[in-house]
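What follows is one structure encoded as structure tokens, with my remarks underneath.
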Amino acid sequence: MLRQKTGPVTNRLSGRTHRNVVMAGHIGRVVLAVRLSAPYALIAFAVVLLVARPALPQPVGHTLGAARAGWLLIAATLAFETWVRVRRRILNRRGAAWLSEQSLRQAAEELTEELSFVYGQDERWKQIRDPEPIELAWRVPDRPSDLRLGSPSRYFVRTAGQRLVVLGSAGAGKSVLALRLAHELLELPSGIRKTAMHELTQSLRGGHRSVLTSREPEYGAHVPGHGVFIRDEIVLCPLTTGAVAAFPNPGGRTGTQWSGILDRLGDTDDRASETVRLRKTLRVPLMVTLAKVAYGREGADPAVLLEYGRFSSRADIERHLYDAFLDAVYSRSHDDLAASGGWTPDQARAWAGFLAARMQAHHQQDLAWWHLDDEVPTWVRVCGLAPAYALSVVLVA
């Protein structure tokens, strides 16, 4: 700390630009403040006891003395400091051993087995593969005519940086594809999987493997250059006619409730407005999934989707499919839980509308269910917690 004596002193600075400059008329004294850690402070106190040997208050019948107390304090402090340093060194060695290539490879293999089991038990994955996943179509952005079918897992493994960006419109299947990609990477042949796991352990030291999903407009508006974020991109395309036909009617069986609909959709000469409109709607994976569930129950006839004059736009068909989907999922014949107090389709539709309105008000596109508690009004939270708080106070008192 510097103290400056005030007075009529003129300081001048000339020449080139300087760094930090301290100007003072007179320096009375310089006080150095030293900050000691706890062990050194204890040792300093012990030295004071050895040198000054003050009279210490002691219990009756004990004659420890200041000198002996100082030596004991020094010994205890040094022992504790030695234990701390040895323990820190042991932990550092364990950490270095854990980060070794062999340990990382073993951890990656164990994680592979665990995730494979978890994904295999995931109900969402079972629904995706019921009976087979939709055959998605995708392409590389700079090759618009090179349409590819199926999962891009092998393409992802062959990319240099193994950073994949999946682009597509709403309902194109981006999130489902990310789940499929994660699961199929774990089901690769042993040789390829070992290579992938080795690259995973190597990536922990630098760039990380990643899969990013995004809608095209938002991605194009905010994407950094390849020099900043190195990645490979693919674009999900509308479903092919064969993929649309195979999903609700696997195996191409004849005489099913979908046969007549699919025949008209596959007929390129059928250019009726209702056929063209439905054909475009069902080329979106989300819509064909809703249609399969909605008309998979007994008594549901998908022929209404091609009724002349029933729908005037694709949006009308999408709303109809969504309502029919809720009727199927929350009907008592479909959901066994309904017998024990499950929601009705009308209740589910009302809550879904509430969530949609809240998302639209907050300009959100994805439903983050783990943030739903933020939508609960403050007074409701207070009323819900007040009885429990009052009861705890009574019990403690």
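The basis for the numbers below is simple: all heavy atoms, side chains too, and nothing from hydrogens, waters or symmetry mates.
Around CZ of Phe80, the count of heavy atoms belonging to other residues, nucleotides or ligands within 6.0 Å does not exceed 12. Remark: Glu307 CD is packed, more than 12 non-hydrogen atoms of other residues, nucleotides or ligands lying under 6.0 Å away.
When side chains are defined from C-beta on, Pro152 counts as touching Leu177, because their heavy atoms get closer than 4.5 Å. You'll find the side chain of Val304 reaches within 4.5 Å of the side chain of His320, heavy atoms only.
Contact record, Ala172 with Pro285: O-CG, 3.2 Å, taken as the closest heavy-atom pair. Annotation for Lys174 and Thr213: closest pair O-CG2, 3.7 Å, computed over non-hydrogen atoms. Glu135 approaches Ala243 most closely through the heavy-atom pair O-CB, 3.5 Å. Here the shortest heavy-atom pairing between Ala137 and Pro238 reads CB-O, 3.9 Å. Closest of all the heavy-atom pairs between Val288 and Pro248 is CG2-CD, 4.3 Å. Minimum heavy-atom separation, Pro302 to Ala300: CD-O, 3.8 Å.
Between Asn249 atom CG and Ile261 atom CD1 the span is 11.5 Å, to the nearest 0.5 Å. Taking CG of Leu265 as the reference point, atom OG1 of Thr241 lies at 8.0 Å (rounded to 0.5 Å). Within the model, atoms CZ of Arg163 and CG of Leu212 stand 11.0 Å from one another, a figure rounded to the nearest 0.5 Å. Rounded to the nearest 0.5 angstrom, Arg279 CZ and Glu274 CD are separated by 10.5 Å. If you take CD1 on Ile317 and NZ on Lys280, they are separated by 11.0 Å, rounding to the nearest 0.5 Å. The distance from the CG atom of Leu78 to the CH2 atom of Trp83 is 15.5 Å, given to the nearest 0.5 Å.
The residues Arg349 and Asp327 are annotated as salt-bridged, a charged nitrogen and a carboxylate oxygen being separated by less than 4.0 angstrom.
The backbone N or O of Ile234 lies less than 3.5 Å from no partner atom in the side chain of Asp232, so there is not a single donor-acceptor pair. Under the 3.5 Å distance criterion, the side-chain polar atoms of Glu233 are left unmatched by any main-chain donor or acceptor of Pro141. Thr275 places no side-chain N or O within donor-acceptor distance of the main-chain N or O of Arg271, the cut-off being under 3.5 Å.
The aromatic rings of Tyr322 and Phe325 sit parallel to each other, their planes meeting at less than 30°, with 60° as the upper class boundary.
Leu147 and Ile134 fall into different hydrophobic clusters, where Ile, Leu, Val, Met, Phe, Trp and Tyr residues are linked whenever their side-chain heavy atoms come under 4.5 Å apart, directly or through other members. Cluster annotation: Val276 is not connected to Met287 through the hydrophobic network of ILVMFWY side chains, with a link wherever side-chain heavy atoms come within less than 4.5 Å. Leu282 and Leu149 fall into different hydrophobic clusters, where Ile, Leu, Val, Met, Phe, Trp and Tyr are joined by side-chain heavy atoms under 4.5 Å apart, directly or via other members.
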Query - Trace of the side chain to side chain contact (heavy atoms under 4.5 Å, CB included) decision for Asp267 with Asp263 - result: CA-CA 6 Å; Asp267 185 4; Asp263 289 341; over 6 Å; no

Query raised in the report: Hey, mind stepping through Leu305 and Leu321 against side chain to side chain contact (heavy atoms under 4.5 Å, CB included) and telling me if it holds?
Result: CA-CA 9 Å; Leu305 298 175; Leu321 290 177; 3.9 Å; yes

Query raised in the report: After noting the C-alpha distance and the side-chain angles of Phe247 and Leu239, does the key distance pass the side chain to side chain contact (heavy atoms under 4.5 Å, CB included) rule?
Result: CA-CA 11 Å; Phe247 189 64; Leu239 297 176; over 6 Å; no

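Every residue two or more places apart in sequence or in another chain that forms a side chain to side chain contact (heavy atoms under 4.5 Å, CB included) with Arg148 is listed here: Trp138, Val140, Arg143, Asp146, Tyr155.
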